[in-house]
Amino acid sequence: MSPNDLDNILTDREAPASMSEHQDVNYWRHANEFNGAVTIDDEKHREFDADDPENLDHAGRRNFMKVMGASMMLAGLTSCARQPEEKIVPYVKPPEHSVPGRFQYYASAVSLSGYAMGVVATSYEGRPTKIEGLKEHPASLGSTDATAQASILDLYSPDRQESISHAGNLATWNQLVADIARAVGEIDTVDGAGLTVLTETTTSPTVQGLMAQLQQQFPEMKWREHDPMGNNNARMGALQAFGRITATKIDFLKAKIILSLDANFLNEGPAHVRYARDFAVTRSAEANADAPDYVAREHFAHDEMSRLYVAECSPTLTGAAADHLMGLRYGHVEALARVVASRVGVANVTADPEKVAALDGAWIDALVDDLTHHKGHAVVVAGEAQPPVVHALAHAINGILGAVESGLVTYIDSPEADATDQQGSLRRLVDDLNNEQVKLLVILGGNPVYNAPGSIDMAAALNKVPLRLHLTPEYNETSELCHWVVPESHALEAWGDLRAYDGTHSIIQPLIRPLYSSRTASQILSLVLGEDATTTDYDLVRRRFSGLYGAESEAKWKKALSQGFVEGTTFAPVSVSYRGSIPAETAAVPTEGLELIFRMDPTIGDGRHASNGWLQELPKPLTNLTWDNALHIHPTTAMKYELEQEDVVILKVGEHEVRAPVMLMFGHPQGVATLHLGYGRQVAGYIAKDRGFNAYTLRDESSPWCINEGVTLKKTSSTYLLARTEEHNNIEKSLQTQAQKAEDRHLIRSGTLSHYKEEPDFAQRLGHHAPERENTLYNPDEKDYAGLSWGMTIDLNRCNGCSVCTIACQAENNIPIVGKAEVAKGREMHWIRVDRYYKGDMYNDTVESAHQPVPCMQCENAPCEPVCPVGGTMHSKEGLNDMIYNRCVGTRYCANNCPYKVRRFNFFHYQIREGQDAPQLKMMRNPNVTVRSRGVMEKCTYCVQRINRARIDAKVAAAKIGSDVTAIPDGTLVTACQAACPSQAIDFGNINDASSRVSLRKQNTRDYGLLADIGTRPRTTYLAKLSNPSPALAGADAEAHTAEH
Amino acid sequence: MAQVFHRSANVLARASIVGGGLVAIAIVTIASVIYRSPVLTQVNIAKAQPVPFSHQRHVGGNGIDCRYCHTSVEKSGVANVPPTETCMTCHSQILTDSEMLQPVHESWKTGKPLEWTRVYDLPDFVYFDHSIHVAKGVGCTTCHGEIQKMPLTWKAKTLHMAWCLECHRAPQKFLRPKDKVFDVDWKPAADKSERLEAGLKLVEEYNVNVEQLTNCSICHR
Amino acid sequence: MSAETKNIPPALQVVAPLAQPGHNYESISRAISDVILEKPMPKPWYATIAIGLSLLGILGASSAYLFWEGLGLWGINNPVGWGFAIVNLVWWIGIGHAGTLISAILLLFNQDWRTAINRFAEAMTLFAVMCAGIFPLLHVGRPWAIFFIFPLPNTMSLWPQFRSPLLWDVFAISTYFTVSLLFWYTGLIPDLATLRDRSKKGIGRMIYGIFALGWRGSARHWYRYEMAYLLLGGMSAPLVVSVHTIVSFDFAVSVIPGWHTTIFPPYFVAGAIYSGFAMVLTIMIPVRIWFGMTDFITTRHMDNMAKVMLATGLVVFYGYCCEAFYAWYSGSDYERFMMLNRATGPYAWAYVCLLLCNAVSPQFLWFKWVRTNPLPLFLLTIVVNIGMWLERYVIVVTSLTRDYLPSAWGEYAGTIFDWAAYVGSIGLFLFMLSLFVKFLPMITIFELRVQQHQIDNGEIR
Amino acid sequence: MSAHGHEDETPKVHGLIAEFDDPESLVKATTKAHEAGYRTMDAYSPFPIHGLAEAMGVRGTYVSQVTLIGGLTGTATGFGMQWFASTVHYPYSIGGKPLNSWPSFMPITFELTILFAAFAALGSMLLFNGLPRPHHPIFNAKRFERASSDGFFLCIEETDAQYDTDQTKAFLEGLGPVEVSEVLE
């Protein structure tokens, strides 16, 4: 073996496996065929024998000195050690349909805040390794969001609760069964009075069914729901508007004018992936219909584009995507809603003139004008953070604007198992607890002790319950206060079902037996029902399934398993009528003093993903902050309070206070500060514990989203390091310089739609031009890329900056997390990053920002290649800029010389550092990608493992039929980032095939190369961003938009 | 003045200069010889196995086709080591009470897998794919040697990168007709030029993209 | 023979002599060989070697920990992939250049005053290159795989990548070291013979004898010897120029604004000589006093070296001006911003300091008083050494922290381990120097004899 | 005289050696000796004296030629290695540059030229000088240790055609030396 075998660049010791055509239904297997499912023991067995490279990793580290000594002693000619002996452990009986060394794909679903997101889960030798979107699923359309991508990590998370415990001691399922039986026996005598089940928002028909059974068996039992985020205001808004709770479904494909009232519909809510996709479609206008890559859109002319108005009190990516953005205080959103409503003709709605005066009149005029002129194609979306009345107003406006007739807005029964007023539900729960009316409390998931509003002392209340059971994936603040703690099964290891935002019934099927002694919510409920304790999750789901579909359930079930969901279960529209009564406006909005806005954290959500290292390290959109939350305020506001970046302040509301670091944020409304919820976990594992501060404690039960009175802010002398993935010194100044330079260098090219129509190739005219290929000392024709030749385009007009590409890449390519300290040093490892640049006057209330995903450009004249002394990176015949980890000696010259700075160096052996060294994490790794050791450079190679698999499969197939064409059909080979992107901004394929999608994109007149002027000839190119400002407001904005000129 | 050194020192001095050079060369040579020797490569060293499985008996003797046990070789990157089930297809009838086969029957009864010792072990950053090699006319014996003559299995080739490149640079020297891929007794034409000619024809016929074969990402990712 | 001075140009009449009068061949030989064979080492020598050894210890310890933990211990990051290691490498290599320049180029230009200082300067070259040599090893991510960069026989049938400036460095620096060593050793042979013949102790006599190769001062030998020595000098001259040129290619060949510039080769070479002479003086000024060499290393030598510093210092200053001018003249936003950022960005302090050290301070050398007085000259050389280190720091860091994509901008600061490696290398340098003056003649004896002969004949003074 | 005592047969004579007290007289003496027809002789001095070797009839040396050859070998090796590696043995595409991007090969070619030449220069010098030779009869000469600090010697060797103990001794004394003595093997 060669010496480089010795150091620890090693990968899961498996051969390549396929990623091709995973959209093809036939490829998916029914998990119940998969009865040979390997147990954790087998897994451990296979995983942790000598055959496992990661063990060698450790060995490698242990023998490090020996190895070094060896290689040095022998002047590197030879290495003295022999490759350690490895074992092969074949099956005894192989599972059916499994070909060793090949991936298998299963259609399933994961939970997106209680709703179903259809996914295709990849299994390798019985272990799930990757999650992709499910093309046919309405909530996914083949894409996912970052949390779905990262949920694979949750399965193997070292912070998971592994075994059932009672009062902190290990316990068995049977002890639990006995104890619960006893408790249930006691309450049974009183019709179940005293039994309370607390759930988060769920759409699971199975849970719904079991709860129904429970309520039947125990008429007195209570079902309470608490979800710190949820969509309670939407429910209440519907109730207010229509007198009943409905869910709203928006078909953005029809929307030409969109008003978002503080709604971040591109990144939040059960349908955001779908909405992002549809919205992107409405934005992709082309100057002329014969543009090579133009795809006809039903409701839009080729050069037509939707216009997005956003009014928000905390900057979001939806705001960043807006054509017209208005930043305002929380209370003013309602004022805006009212004035718009009254002006489009909603009956008896009044707006407080004083408040309206505070708003930009011209803006409203233009908006109202647009709305009224696009009846049937205009829609108003209200954000969850806004009170019910705003939602009600939105419903009213949509009604007036004919959005309902046109089908742009559809009302359906809520897919939730029990759509109710959760705010009230929580209050009633707490009262019951405090009145000691609860004898047995079953908490299914969630973490109320941590995330209940600070105005409620949940801990004290809980302690009044004689018997408490907590089903949870990880041991948290609530588990600590419960007698019984039962590990909850992950979606990839248990049976279950969920409904999508439109009601579609999706089946969750396991790919692997539970790694630990975990159970599902359905199992716990059936236990409480007193059913046979051996009832499996499978039984329960099947029972409910047959309950729902009766006779045909058998056939439907088979189909559902291969499809991932039950066809035709979309909820039918319900007709509702607006009751036409909007109460007069509530209290005035204090325009003085600091206003606190609470928001779900952009990456770890309400805190349920706090133990997910990938999401913790994912730079939060707009701020690039990682591993922490902060008090986000506008620099000018900060100046008012004499605050600087990273100063620690004490925020006090009532008797509650938190210590929060300051994060300056351009474009944040003045006088308003945003706090992200989900941090400050005290009882948690390595990843989540003691990160950031817990903003829930400041939250008030009655107004959970905003506090605009009685907020005191006290500056302390201490500072706190915030790890951002951009340079740290003097954020204000550097962000301004960055914006300026980005502009001067034409990094992000953007223009208005009108300008684009006049000058379709405006993007290509900007900046200096790439040197002609002939301008070289050498023979320019020496390099020809015949046959396959890979390229990529990224459409900035579609990208909304959600960063799912980063996580998808991390999952696909075994990219480690490095931890806060390392990020602060600028050592994050992401292969594709999303750059954010501000534009225009940074000190406006709102500031324009653009997003640019930057992977390796695969330059044809790659500056990284000639400088490597060992040929560790060089060009392939298919135009890839190959990176050969095992050849790299780590001079870092290539990274220095990369103009795009997309190369990443392993400063430490991140793969085995704290938080990364858990053995089960090895099961997650992609066997087709080398696990990089310390001291090695790494980077994006267009998912070369997928390319190789596809090429080999194509060639083998061709060879079988003796054909000599080895075609890889365009679109069957996708990179991880491309597959995940909700708005389909990324296209990848063979640029030698003139008909391939990517070739067509490259022929688009908006296509330009980043820094092409320095002659790198990048293969990844960008399509310029377009905006569609209202002609009425064009003046100032248009200038900003076309500032390029 | 007195002599500092004895006469003999003259010879010694010159000898040591020449000698120094020679020693250096010797060290380099010996080192690389050891490095290429079976001591490190394990070539031609039979490995002990839980069951003394003999390819000589099964392939040479009974003439069982490679794919009978290594089923995935044409479909997948890995040519699987057969599950106990496969052994039992015959050995539930033959040699049912053989001492030698005890572990196999044991495994079948208990369901505990056999643990074979790996003979061919590529470095873990090398991605070799059986399916494509087999499909393009690379015979089993080309890399695995005369398996039909191995009572216990041993490594026939070094698996050094240079060895891989021999073929990846000039496949014509090694390719054989597809229908002969699993033929362990296949011999190339004795005459060199004839062999090359045949090889070139196969490269043509199976349209092997030769210049691509030396791209780094073909084997390393 | 009387020292008639008629054929001495009047200009030289006034300056200090190359050597104090009253010496003859024997006294010269004694003066120098006694330092090694007879006299005890002066106290400062013990101090120096002690300091050297302890710093060397720091180097060893920190390097071991670095090898164990990984490069993360250093301040480097994305985008700043290079830090102290490269700065130190370039700095040391630069320092090395003075030796070769003095021994080779001044030899070719037939400058008499090189005689007394070339041995010392050459030794310095060797040690400086050794110090430089440790940094590439510390610098790479996988030192145990560093042999990949040598064209060695291997079973991967792979070669190094010959287009890489780093590989050019490997060849340039190793060649530079080897040739300097040969040159230095050649010069040593006759002096080793002298030591062999003068030393009483058997062992020392043996060892000097072995390395003297049985030199007996035969006229025929001298004849070929001078030829070979001249040839080596002739080769070293272009070599020394090539080495720092190639080192500058590490930057010049890249695409990074502030690196990608054609001015680098000449301005690196000038800078090298500048810092080299500074270091020679820094060491020489105390040593000549400690070891009573003032007779042979006179103010004349210091004066001349100071003049060379002044000249090269001005070239370096010119280099800075060109950089700034071309940044503006290029019209490229990248270049202009790089220059602006250098002068006003986060690392402006370093840029200002380096201008003070390298551009302003040498102006004092216009004054003869500064050139000929040990103390001011000594202080000035220290300043210049610091300045030249800062120059490399500025080049490496400012360009990398702010290149093409603003989103990828970063910061850099050395950590304790960066500093440990740096001071450690200085320790190595001091330690080697101490051994050198203890065991080898710090001035070329036989050339002093030649010089004495010429003085006797009144050819020079 | 180390040759004495421990060898029982009478020691062989190496030649006659005359010491002079300054370079000039050594040169004169050597010139005379050469004119007198002596050939197998050698002069010893603590530093190179111009004209001394010439006085013994030395006419040039091959050191420079050998060095040139060494240098050219280096050039060939340097460029050859790079060209072979990059275009023949394992050609791969680097940053869009051609396989034989000769300009990038120049630095290494140059360095190897110098390296080889340097070894050739030193090597040939030692070789032609017959060094290393730690033991040499001349070291037996009286006061010869001063040849490496301030002694100037001329030695006419016994193997010289004209060598005759008495005549040669007389001849040397005629040259005004400090002292003439016999050197034994």
Side-chain angles (χ1 to χ4, degrees), chain A residues 2-4 7 64-65 67-68 71-72 75-77 726-729 734 737-738 741-742 744-745 747 822 825-828 833 835-837 852 854 863 866-871 887-893 895-897 899-901 903-909 933-937 1011 1014, chain C residues 67-82 136 139-150 152-156 158-161 163-167 169-170 250 253-256 259 332-334 337 341 346 400-412:
Chain A
S2 72
N4 39 345
D7 65 66
F64 171 63
M65 279 309 177
V67 175
M68 258 185 56
S71 346
M72 287 174 169
L77 260 179
E726 53 192 354
E727 62 158 330
H728 292 71
N729 59 33
S734 73
T737 338
Q738 287 183 25
K741 287 295 122 193
D744 299 349
R745 298 172 181 186
L747 303 180
E822 290 290 290
K825 290 199 190 94
R827 294 175 180 172
E828 68 276 2
R833 63 173 196 267
D835 289 350
R836 181 266 298 108
Y837 294 112
Q852 183 173 45
V854 184
V867 298
C868 176
V870 295
R887 180 68 176 171
C888 176
V889 295
T891 67
R892 301 182 299 290
Y893 200 173
N896 286 353
N897 211 31
Y900 309 93
K901 292 286 176 281
R903 289 176 159 267
R904 295 287 176 261
F905 185 70
N906 290 272
F907 290 93
F908 289 114
H909 198 335
S933 89
R934 145 194 164 203
V936 178
M937 191 60 69
L1011 296 180
I1014 59 175
Chain C
F67 283 143
W68 182 256
E69 272 304 320
L71 287 172
L73 296 177
W74 282 356
I76 45 176
N77 57 35
N78 278 313
V80 189
W82 287 358
H139 166 83
V140 295
R142 302 199 299 152
W144 56 94
I146 197 163
F147 60 89
F148 285 173
I149 66 175
F150 303 110
L152 296 162
N154 61 69
T155 57
M156 299 168 277
L158 284 178
W159 291 84
Q161 205 280 95
R163 296 169 188 80
S164 166
L166 280 185
L167 197 67
D169 279 357
V170 172
D250 288 349
V253 167
S254 83
V255 300
I256 304 304
W259 285 14
S332 144
D333 176 70
Y334 312 117
F337 177 69
N341 174 60
L400 285 178
T401 45
R402 296 273 193 293
D403 66 347
Y404 290 96
L405 294 189
S407 58
W409 288 351
E411 295 129 14
Y412 175 82

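Reminder, nothing fancy here: chain letters follow the sequence lines and each chain counts from 1.
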Exercise. Dump the intermediate steps for side-chain contact (heavy atoms from CB on, under 4.5 Å) on A:Lys901 and C:Leu405, then the final yes or no.
Key: CA-CA 8 Å; A:Lys901 292 286 176 281; C:Leu405 294 189; over 6 Å; no
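- At distances below 3.5 Å, at least one donor-acceptor pair connects side-chain atoms of A:Arg892 with backbone N or O atoms of C:His139.
- Looking at A:Arg904, both its backbone and its side chain come within 4.5 Å of chain C, counting heavy atoms on both sides.
- Interface residue C:Trp159: only backbone heavy atoms are found under 4.5 Å from chain A.
- Not one N or O on the side chain of A:Arg833 forms a donor-acceptor pair closer than 3.5 Å with the backbone of C:Ser407.
- Between C:Val253 and A:Asn897, every side-chain heavy-atom pair lies at or beyond the 4.5 Å cut-off.
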Practice problem: Please step through side-chain contact (heavy atoms from CB on, under 4.5 Å) for the pair C:Arg142 and A:Ser933, ending with a clear verdict. | Solution: CA-CA 9 Å; C:Arg142 302 199 299 152; A:Ser933 89; 4.2 Å; yes
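- Residues C:Asp403 and A:Pro899 share a closest heavy-atom pair of OD2-O, 4.3 Å.
- In plain terms, the two heavy atoms of A:Ala742 and C:Pro406 that are nearest each other are N-CG, 3.9 Å.
- Of the inter-residue distances, the one linking C:Trp409 atom CH2 with A:Thr737 atom OG1 reads 6.0 Å to the nearest 0.5 angstrom.
- In terms of heavy-atom pairs under 4.5 angstrom with chain A, the leader among C:Gly75, C:Gly70, C:Ser164 is C:Ser164.
- Chain C forms more heavy-atom pairs under 4.5 Å with one residue of A:Val854, A:Leu1011, A:Asn906 than with any other, namely A:Leu1011.
- Between C:Pro165 and A:Tyr893, the shortest heavy-atom distance links the atoms CG-OH, 3.7 Å.
- Comparing A:Pro863, A:Cys868, A:Ala895 by heavy-atom pairs within less than 4.5 Å of chain C, the highest count is held by A:Cys868.
- Looking at A:Glu828, only its backbone comes within 4.5 Å of chain C, counting heavy atoms on both sides.
- Heavy atoms closer than 4.5 Å to chain A are found nowhere in C:Phe150, neither backbone nor side chain.
- Counting heavy-atom pairs closer than 4.5 Å to chain A, the top-ranked of the candidates C:Leu400, C:Thr401, C:Leu158, C:Ile76 is C:Ile76.
- One finds the NZ atom of A:Lys741 at 11.5 Å from the CZ atom of C:Arg402 (value rounded to the nearest 0.5 Å).
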Exercise. Go through A:Phe907 and C:Trp74 one step at a time and tell me if the side-chain contact (heavy atoms from CB on, under 4.5 Å) criterion holds.
Key: CA-CA 9 Å; A:Phe907 290 93; C:Trp74 282 356; over 6 Å; no
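- Taking CG of C:Asn78 as the reference point, atom CE of A:Met937 lies at 7.0 Å (rounded to 0.5 Å).
- Of all the listed residues (A:Val870, A:Asn896, A:Val867), the one sharing the greatest number of non-hydrogen pairs under 4.5 Å with chain C is A:Asn896.
- No donor-acceptor pair closer than 3.5 Å links the side chain of C:Glu69 to the backbone N or O of A:Phe908.
- The most heavy-atom pairs under 4.5 Å with chain A, out of C:Asp169, C:Asp250, C:Leu167, C:Val80, come from C:Asp250.
- For the pair C:Phe337/A:Asp744, no side-chain contact is recorded, criterion being any heavy-atom separation below 4.5 Å from C-beta on.
- Distance check, rounded to the nearest 0.5 Å: CZ of A:Arg887 to CZ of C:Phe148 gives 5.5 Å.
- Rounding to the nearest 0.5 Å places CD of C:Glu411 at 10.0 Å from CD of A:Glu726.
- Residue contact with chain A, scored on non-hydrogen atoms closer than 4.5 Å, is absent for C:Asn341.
- Atom CD1 in C:Ile256 sits 8.0 Å away from atom CD1 in A:Ile1014 (nearest 0.5 Å).
- Residue with the most contacts toward chain A among C:Asn77, C:Ile149, C:Ile146: C:Asn77 (heavy-atom pairs, distance under 4.5 Å).
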